[in-house]
Every structure is written in C-alpha cells, then in structure tokens.
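As a basis for the values below, the full set of heavy atoms in this structure was taken, side chains included, without hydrogen atoms, waters or symmetry mates. In this chain, residues are counted from 1 in sequence order.
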Amino acid sequence: MAARRMRGERVWQADSPRGLMIGGEPSNRRSKNMRRRAFLQASGSAVITWPMRAWAKKDTKLLLVAVLFPSTEELFNPRVAALRGGLKDEGMVEGRDYLLETRVASGDFSQLPRLTQELDARQPEVFVAAATAAAVVHSVLPDRPLVFTGMAVDPIAVGLAESYRKPGGTATGNVINAVGGEDSLAEKRVGFFKDLVPNIERLGMIGVVWDPQVLQGVLSHQEETALQKVSVQLGFRFENYAVKTHEDIEGVFAKALSDGVDALYISGDPLLTSNMSRVMPHILAAGKPTLGVYPEWGRAGLLLTYSTDALDGYRRAGAYAAKIVRGVKPADLPIEQASKFWLVVNLKTAKQLGISVPPNLLVVADEVID
C-alpha cells in the first residue's frame, strides 16, 4: 500500500485485488481445509484494507488554517509554535486534522494585502493574524472567519467586533490590553524600572508617529499617553521621540541623547519590533538604562521589559481557531483580555551599566538574562 499527499489531500492507493487471493482461484481438487485457509487469509487482508479505503473517502482533504504575521521570521517562530500548541490543546494535530499555511511580512506592512490574498487562494477555514495584519485581513476579506492576537488597538473601535462579550461578526480573538489598560501596564513597568534606576529625571521614549488612518503607531500612542500620566505621578520629565519609518531611527536617538535623557523607553510598536536589529545598535551605543515591552527586547539587551505574554496570546488564538474549524461561530466566542505577564531583567546589561539589581526584583522576575 502506498500513500501520496498533495495540497492538503491524502490519497491512498490500494494493492491489486488479486493480491488478496492466495495462489489465484482455488481449484476444486484442493482440500476443503486449504480452501478454508485461503478464505480466512483473504478475509483477514480485507479487514485491514477496508478501513483504509473508508478513511480515505472520509478524509480526502485536511482543513487549512492560514496565519499572517507582520513582523520577522525570528519573532514568528516561537509564536507559531505556541499557536500549534493551542490547536493541540483542543485535540487537533497538524498533518492529521489540519494543515498550517503561513506568510510573514518581515516588517514590510505594504505586503500584507498581497499576502492576505495569497492565503485566501488556498481556501482556509480560518485566518489567524496578529496586530496590523489582523486589521488588513478583516479589511480585505471582511466575510472570512478571523482570530486576532497581539492587538493593541481596541477591536470595537476599529469595527472588528460589536462587543467583547459577543463579537457578533466574523472576527474574535484576544488583545494585549489587560484590565486597567496601558495605564496599568505602564505604571507597573516604570515601577519595576525605578527599582533599578531610582533617580530618573528625564525619560525619553523612542516611539512611532501615530496615524489612525492606517492604524500605524497605535500602541506607541497608547504608551505615550500612559507614560505622560506616570511621569506626573512619579516625578520625572517625559519626552516622545517618534519615527515614521525605520530610516528615522538614527535621527531620533541622536535627538534624544542631545536633549540629555537619563533613560530610554522603547515602544512595543510593530514598526520598531520588526526593526529590532536596526534599533539595538543605537541602544547599546547610547549607554543608557533602557526599558521596553516584549521579552525579545530584554533578551537582546534592554535592561528591563514587562508585558503581557505574547506566546500565551498565540496559544489561546490556536484554541479559538480549533473551535472555529469545528463549527463554532466567531460571533459567539468572547474576545479575551490578557491575563499573563512576563518580566525580564537583563543582569548582563545591568553589570555593564554599573547597576545593582535588588534581590527582590530578581525574585519576582520571570526571566533573568546573565
């Protein structure tokens, strides 16, 4: 028996029916025992073959889950692994129950509409998309089932859903906003940071220009608003240095340093995260204590990061995708808010900056880089 799979289909080729017989047609001269033995052997083979044929008829095409990611392959790999984990939590195994088709924009958001169309040509049962990519998928294909994750923008405000409890349309998923929103996250993030750098007088944020028409800089705008409030509460000056494209990165760092900032805050906006390799040399050259959002930044060299757990969001998105594939409507799946958080402290960076990390901070950190 041979197996062949092509474009999500599994086709079984059964052996010739003659192969089920022992020695061809039994002769009348053969004994009754020999005829009986040949019949039993043939019957045994048929028992093995029949379920294969029935299974092939039932499962001629595996269901397709399409995934669109706006950032880089390096950041995508652990996230898609978490997505597979969420599907597996719901009892779905890749290659047996579904196939995954992925596209990665590598930070070039202008490619998202084209990549959306490419995925749609594969006729997926459901789309899973992150951040900016989710808004593009819903704009290009408003009638397709969509699970979003990594969303900083309010999905109600931009028309992705009618409410958190009952989305009501074709899209649902999870958002990075926790209870209390960005204000709460910024307060905790800066609070941890001040345990490391208690004498901050001037904090400069490397952010992204906010353009609500194309949903650019949404997270950066939320962070800026929250940090302005926190700076008043905690008694330091705050300035935002915003880029429009990656070509502005060098200039805004130079401006922040010439203004004499004591520390730098790196926005979690997708534009900057997608260009982490461009941003990090300027951070390291600045020699300033730096905080940010996602764990990847902390692992790359930021002193401290604190955020919702992106991998947990992808895992939950996988679980929702499994439910939709099995017939649950997105309209009936409540939009989830973040409930897991991740604190990273880079001990190596602290030593390079001559900063002593308090033991209590090391105790509460989810990850310590040394």
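In this structure T349 satisfies the side-chain hydrogen bond (donor to acceptor under 3.5 Å, both in side chains) test together with N346, sequence neighbours excluded. For D309, there are no side-chain hydrogen bond (donor to acceptor under 3.5 Å, both in side chains) partners at least two apart in sequence or on another chain.
Using a 4.5 Å heavy-atom cutoff, the side chains of L75 and F69 are in contact. Using a 4.5 Å heavy-atom cutoff, the side chains of L119 and E101 are in contact.
Residue-environment remark: CD (Q228) exceeds the threshold of 12 foreign heavy atoms within 6.0 Å. Counting non-hydrogen atoms of neighbouring residues, nucleotides and ligands closer than 6.0 angstrom, the CD atom of E94 exceeds 12 such neighbours. More than 12 heavy-atom neighbours from other residues, nucleotides or ligands sit within 6.0 angstrom of CD on E367. The neighbour count for K194 NZ, taken as heavy atoms of other residues, nucleotides or ligands under 6.0 Å away, is above 12. Counting non-hydrogen atoms of neighbouring residues, nucleotides and ligands closer than 6.0 angstrom, the CD atom of Q352 exceeds 12 such neighbours.
The NE2 atom of H282 sits 6.5 Å away from atom CD1 of I249, with the distance rounded to the nearest 0.5 Å. Atoms CG and OG, on D108 and S71 in that order, are 11.5 Å from each other to the nearest 0.5 Å. Here the straight-line distance linking atom CD of E239 with atom CG of L203 works out to 10.0 Å at 0.5 Å rounding. Between the CD atom in E187 and the CZ atom in F192 there is a gap of 11.0 Å [rounded to 0.5 Å]. To the nearest 0.5 Å, atoms OG (S220) and CG (D211) are separated by 12.5 Å. Note: E224 CD to S267 OG = 9.5 Å, rounded to the nearest 0.5 Å.
With salt bridges taken as basic N to acidic carboxylate O contacts below 4.0 Å, none links R326 and E125.
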Anything under 3.5 Å between a donor and an acceptor, one on a side chain of residues 285-295, the other on a protein residue two or more places apart or in another chain? List them.
unit_1, atom_1, unit_2, atom_2, d
K288, NZ, V261, O, 3.3
T290, OG1, K288, O, 2.9

Got a list of side-chain donor-acceptor pairs under 3.5 Å for residues 328-336, not counting sequence neighbours?
unit_1, atom_1, unit_2, atom_2, d
D332, OD1, K166, NZ, 3.2
E336, OE1, R316, NH1, 3.2

Show the atom names and distances, to 0.1 Å, of all donor-acceptor pairs under 3.5 Å that link a side chain in residues 137-147 to residues at least two apart or in another chain.
unit_1, atom_1, unit_2, atom_2, d
R144, NE, D120, OD1, 2.7
R144, NH2, D120, OD1, 3.3
R144, NH2, D120, OD2, 3.0

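Here the shortest heavy-atom pairing between M276 and W297 reads CG-CZ3, 3.6 Å. Scanning all heavy atoms of the two residues, the minimum distance from R79 to A310 falls at NH2-CB, 3.8 Å.
Tracing side-chain contacts under 4.5 Å through hydrophobic residues (I, L, V, M, F, W, Y), one never reaches F238 starting from L257; they form parts of separate clusters. Hydrophobic clustering of Ile, Leu, Val, Met, Phe, Trp and Tyr side chains at less than 4.5 Å, counting indirect connections, unites Y306 with L347. Under the 4.5 Å side-chain contact rule for hydrophobic residues, F236 and Y265 share a cluster.
Side-chain atoms of Q111 and R114 form a donor-acceptor pair, as typed in the model, at a separation below 3.5 Å.
Within the hydrophobic cluster formed by Ile, Leu, Val, Met, Phe, Trp and Tyr side chains joined at under 4.5 Å, directly or through other members, I369 is accompanied by W342, V344.
Cation-pi contact between K188 and F341: present, with separation from the ring centre below 6.0 Å and deviation from the ring axis of at most 45°.
Checked by atom type and distance alone, the side chain of D248 pairs as donor or acceptor with a backbone atom of T245 at under 3.5 Å. Panel note: side chain R202, backbone R237; no donor-acceptor pair is recorded below 3.5 Å. In terms of modelled atom types and a separation under 3.5 Å, the side chain of S274 and the main chain of L271 share no donor-acceptor contact.
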